Amino acid sequence: MNAAELWPGLDQARSTGLGAHAERRWNRVEVDPVSLQVIGGALHSIAHEMAELLVRMAYSSVMRESRDIGAALLDFDGRQLCESDSTPMHCGSLPAYVRGIDRKHRGRYRPGDVYLHNHPYHGASHSPDYGVLLPLFVGGVHVGFAGCTGHMVDIGAADPGFSVDVPDFFAEGQILDAVKLHAAGERSEGLWSLIMDNVRTPEANAGDLEAMIACCRLGEERFAGLVAQHGLDRVMSAAEEWMNYAERRMRARIEELPDGEYPAPDAWLEDDGKHFGKPLKIATRVLVRGGDICVDLTGSTPQTSTGFNCPFEGSVLPAVNFAVRALLLDETAEGAGVPQNDGVFRPVYAHAPKGSIFNPIYPRGCEARFTQINRIPDQVLAALSGALPERVTGGNSANVSCFVYSFESYRGKYQINVEINEGSYGGRHGRDGLDTVDTLMANTRNNPLEEMELSAPMLCERYELRDEAPAPGRWRGGMGAVKTWRFLEGAAVSSTGDNRSGDPPRGIFGGADGLPGQVKVNPGTPDEQELPAKVSHARFEAGDRLEITLVSGGGYGDPLERDPASVADNVLDGLLSSDEAREQYGVVIDPETGAPDLPATEALRSREQS
């Protein structure tokens, strides 16, 4: 399908809540500039406070420490008014959760109702991400929603935590399709018991779900206070103006790009978690037309027979929106002061053919969608590298290396720990790549080792930067970490990720490629073996060790143009040896002082460049 054929067929609704039901339940009024700023700041603060409350109250480490959550206020049609500064993978999906719940309950909401939803084919980002929605009323009129999402430790999947090798999405855990958990303020005890009786971690799930409900109630309370102070018409008119402002700013940035098609080199995922050694293709092109932009994934591999597929509405659309926002409206640059709301979404489209890995057909499994989603912004950066050379990065790890450790009976209960490991960023113009951080769509925090060790019978024996030097470049690539766990009792381990073994992060503008990751069992012993990045319920005995090496990012620019002083600093810090400095960067290090020998460096670089 060429670009001209594609544009007319795009779904105009995409990530915005506007559709056939578009309806305004307030009167548009003029808002003076001061009030506009005050109300806009208040909306942002409400979403931020909602998220902080959820994090503080959450029971599980994945919400409390990794902050795998999101919170927002939305209007009657599900348009996002504001969102928390949380993982983009959660926040951008909340409008889709509203649509999923709305299709069953629109027109029948009542004050005090609480809705729970995780159906991946009706808006959820994937089934472990519960969405809680509370309708907002003013004067008896339904005007919007307070909502949040969060990753649950376990939802009763075939394997503890999550499963990759599953026949369909029913095997991925209990599906809660827009269920009413509270009716007019009263909790449905039967439904609550049904949910908690069908998970392995009822204590953690109950604590996390209560925290999510409290988060939404706080949003309801703060919104009511804002309306009481300024009036509904003024608050919603200000929100409308902020959405329109965000749209204008986004369209203006898109219009700076020449119209046309920007293809990215084909990328590859290792496998689908079952058919190992059979890579999966990611095809990407970015289309620009005036103030509109589309990320087209046509040509990507067909849907898999495992859970390694991506819900289009709840995961692919938010990934595309994030990629465009982060690249064109950087919050540390020209995007400062532009709120993250529905207006930012309006000029952004995504396309993936039905039946592809990025738009599976019911009932294919789609829980293990972490890595594919993170590859989308990485591909967008590659596609637009020629047009925006000073804005893009070298290849990033773009891999959510998520592990689940389960113990059937630890201290009298089923214990499950969800660990999100860190990767690294590629180098970018003027900056080296960031080391050992979760990248792009994930943006979660690492689990503290002490938290993991206190809650489960496992001991971390190593956690540091990996041994290999970072990818050379004028600005080097970021470094992944290496972590070794020793199990003190028998455990089962599942994981979903991608070691990038056949397609490491690519260097850019002369920078070197990054390094793939690796997973080993009992490294350095006669029993050593390598595991794939995706594992479903692998058994470990007490004393076994698991070593996880994370992906390192690609370099940016010619290594021979790197500042010799920066190379010397890397040698001093132990990231490079003196020999590597000479071989990779053409920098000669004085063995006595550790400083660069500038005349010898200049001579060596001249020879290598000739």
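Numbers here are sequence positions counted from 1. Everything quoted here is computed from the prediction, not taken from an experiment. What you see below is based on every heavy atom in this structure, not just the backbone, and it leaves out hydrogens, waters and symmetry mates.
Aromatic ring orientation, F370 versus H151: tilted (interplanar angle from 30° to 60°).
Under the 3.5 Å distance criterion, with hydrogens and angles disregarded, no donor-acceptor pair is assigned to the side chains of D154 and T201. Residues E461 and T484 bring no donor and acceptor atom of their side chains to less than 3.5 Å of each other. A side-chain N or O of T444 and one of D438 form a donor-acceptor pair less than 3.5 Å apart. Side-chain atoms of D527 and Q529 include no donor-acceptor pair closer than 3.5 Å. Side-chain atoms of N447 and S61 include a donor-acceptor pair closer than 3.5 Å.
Counting only heavy atoms from C-beta outward, the side chains of M441 and I376 never approach each other to under 4.5 Å. Side-chain atoms of I175 and N118, non-hydrogen and from C-beta on, do get closer than 4.5 Å to each other. Between D292 and P347 there is a side-chain heavy-atom pair separated by less than 4.5 Å. No side-chain heavy atom of V418 sits under 4.5 Å from any side-chain heavy atom of D68. Taking the side chain as every heavy atom from C-beta outward, T149 and I69 never approach each other to under 4.5 Å. Considering only heavy atoms from C-beta on, R486 stays 4.5 Å or farther from F540 through its side chain. Contact of the K483 side chain with the C460 side chain is registered, since non-hydrogen atoms from C-beta on lie closer than 4.5 Å. Residues Y262 and S385 fail the side-chain proximity criterion, which asks for heavy atoms closer than 4.5 Å.
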| field | side-chain contact (heavy atoms from CB on, under 4.5 Å) between V482 and L465, intermediate numbers included | value | CA-CA 6 Å; V482 58; L465 293 175; over 6 Å; no
| query | Could you walk me through whether S552 and E468 pass the side-chain contact (heavy atoms from CB on, under 4.5 Å) check? | reply | CA-CA 9 Å; S552 289; E468 302 88 345; over 6 Å; no
| request: For side-chain contact (heavy atoms from CB on, under 4.5 Å), just list the numbers for K534 and T371, CA-CA rounded to whole Å, side-chain angles, deciding distance to a tenth of an Å, and then say yes or no. | output: CA-CA 11 Å; K534 304 172 197 66; T371 291; over 6 Å; no
| Passes salt bridge (charged side-chain N to carboxylate O under 4.0 Å, His left out), D378 versus R506? Steps please. | CA-CA 10 Å; D378 203 51; R506 297 172 186 173; over 6 Å; no
| task | Show your reasoning for whether side-chain contact (heavy atoms from CB on, under 4.5 Å) applies to K274 and S536. | result | CA-CA 9 Å; K274 181 176 183 179; S536 296; over 6 Å; no
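Side chain of D208 to backbone of S60: a donor-acceptor contact under 3.5 angstrom is found. In this structure, the side chain of S66 engages the main chain of R445 through a donor-acceptor pair within 3.5 Å. Judged by distance alone, the side chain of H117 and the main-chain N or O of H122 form a donor-acceptor pair under 3.5 Å. Of the possible donor and acceptor atoms, none in the side chain of D266 sits under 3.5 Å from a partner among the backbone N and O of K281. When atom types are taken as modelled, the side chain of Y463 and the backbone of W485 share no donor-acceptor pair closer than 3.5 angstrom. For the pair E313 (side chain) and P318 (backbone), a donor-acceptor distance under 3.5 Å is absent. N198 places no side-chain N or O within 3.5 Å of a backbone atom of I155 that could act as its donor or acceptor partner. Looking at N396, its side chain does come within 3.5 Å of a backbone N or O of G426 through a donor-acceptor pair. Using modelled atom types, one side-chain atom of E172 and one backbone atom of E367 make a donor-acceptor pair closer than 3.5 Å. Formation of a donor-acceptor pair under 3.5 Å by the S406 side chain with backbone atoms of A492 is found in this model.
Residue pairs satisfying the side-chain hydrogen bond (donor to acceptor under 3.5 Å, both in side chains) criterion with at least one member in residues 354-364, sequence neighbours excluded, are absent.
Of the inter-residue distances, the one linking E261 atom CD with C294 atom SG reads 10.5 Å to the nearest 0.5 angstrom. Here the straight-line distance linking atom CG of D498 with atom OG of S397 works out to 10.5 Å at 0.5 Å rounding. Within the model, atoms CD of Q609 and CG of D558 stand 6.5 Å from one another, a figure rounded to the nearest 0.5 Å. F358 contributes atom CZ, which lies 11.5 Å from atom OG1 of T298 (distance to the nearest 0.5 angstrom). Residue F487 holds its CZ atom at 8.0 Å from CG of D544, rounded to the nearest 0.5 Å. Interatomic distance, CZ of F308 versus SG of C366, reported as 12.5 Å (0.5 Å rounding).
In this view, Q518 and E530 satisfy the side-chain hydrogen bond (donor to acceptor under 3.5 Å, both in side chains) rule, not counting sequence neighbours. Residues that satisfy the side-chain contact (heavy atoms from CB on, under 4.5 Å) test with D330, not counting sequence neighbours, are T332, A333, E334, R391, R428. With sequence neighbours excluded, no residue forms a side-chain hydrogen bond (donor to acceptor under 3.5 Å, both in side chains) with Q372. For R474, the side-chain hydrogen bond (donor to acceptor under 3.5 Å, both in side chains) criterion is met by no residue, not counting sequence neighbours. The side-chain contact (heavy atoms from CB on, under 4.5 Å) search around S401 returns N399, F403, N421, I548, L550, not counting sequence neighbours.
A124 and Y97 get closest at one heavy-atom pair: CA-CZ, 3.5 Å. Of all heavy-atom pairs spanning A264 and A382, the tightest one is CB-CB, 4.3 Å. G365 and N309 get closest at one heavy-atom pair: O-ND2, 2.8 Å. Taking all atoms of both residues into account, the shortest heavy-atom contact from A283 to S300 is N-OG, 3.0 Å. Scanning both residues, A350 and F312, for their nearest heavy atoms gives O-CZ, 3.7 Å. Considering every non-hydrogen atom in both I416 and P160, the closest pair reads CD1-CB, 3.7 Å.
Under a 4.0 Å N-O distance rule, the pair E408/R200 does not qualify as a salt bridge. Between D85 and R67 there is no salt bridge, since none of the side-chain N atoms of the basic residue sits less than 4.0 Å from a carboxylate O of the acidic one. Comment: R562 engages D432 in a salt bridge, judged by a side-chain N to carboxylate O separation of less than 4.0 angstrom. Using a 4.0 Å cut-off between charged nitrogen and carboxylate oxygen, E464 and R462 count as a salt-bridge pair.
Aromatic pair H126/F169: centroids not less than 6.0 angstrom apart.
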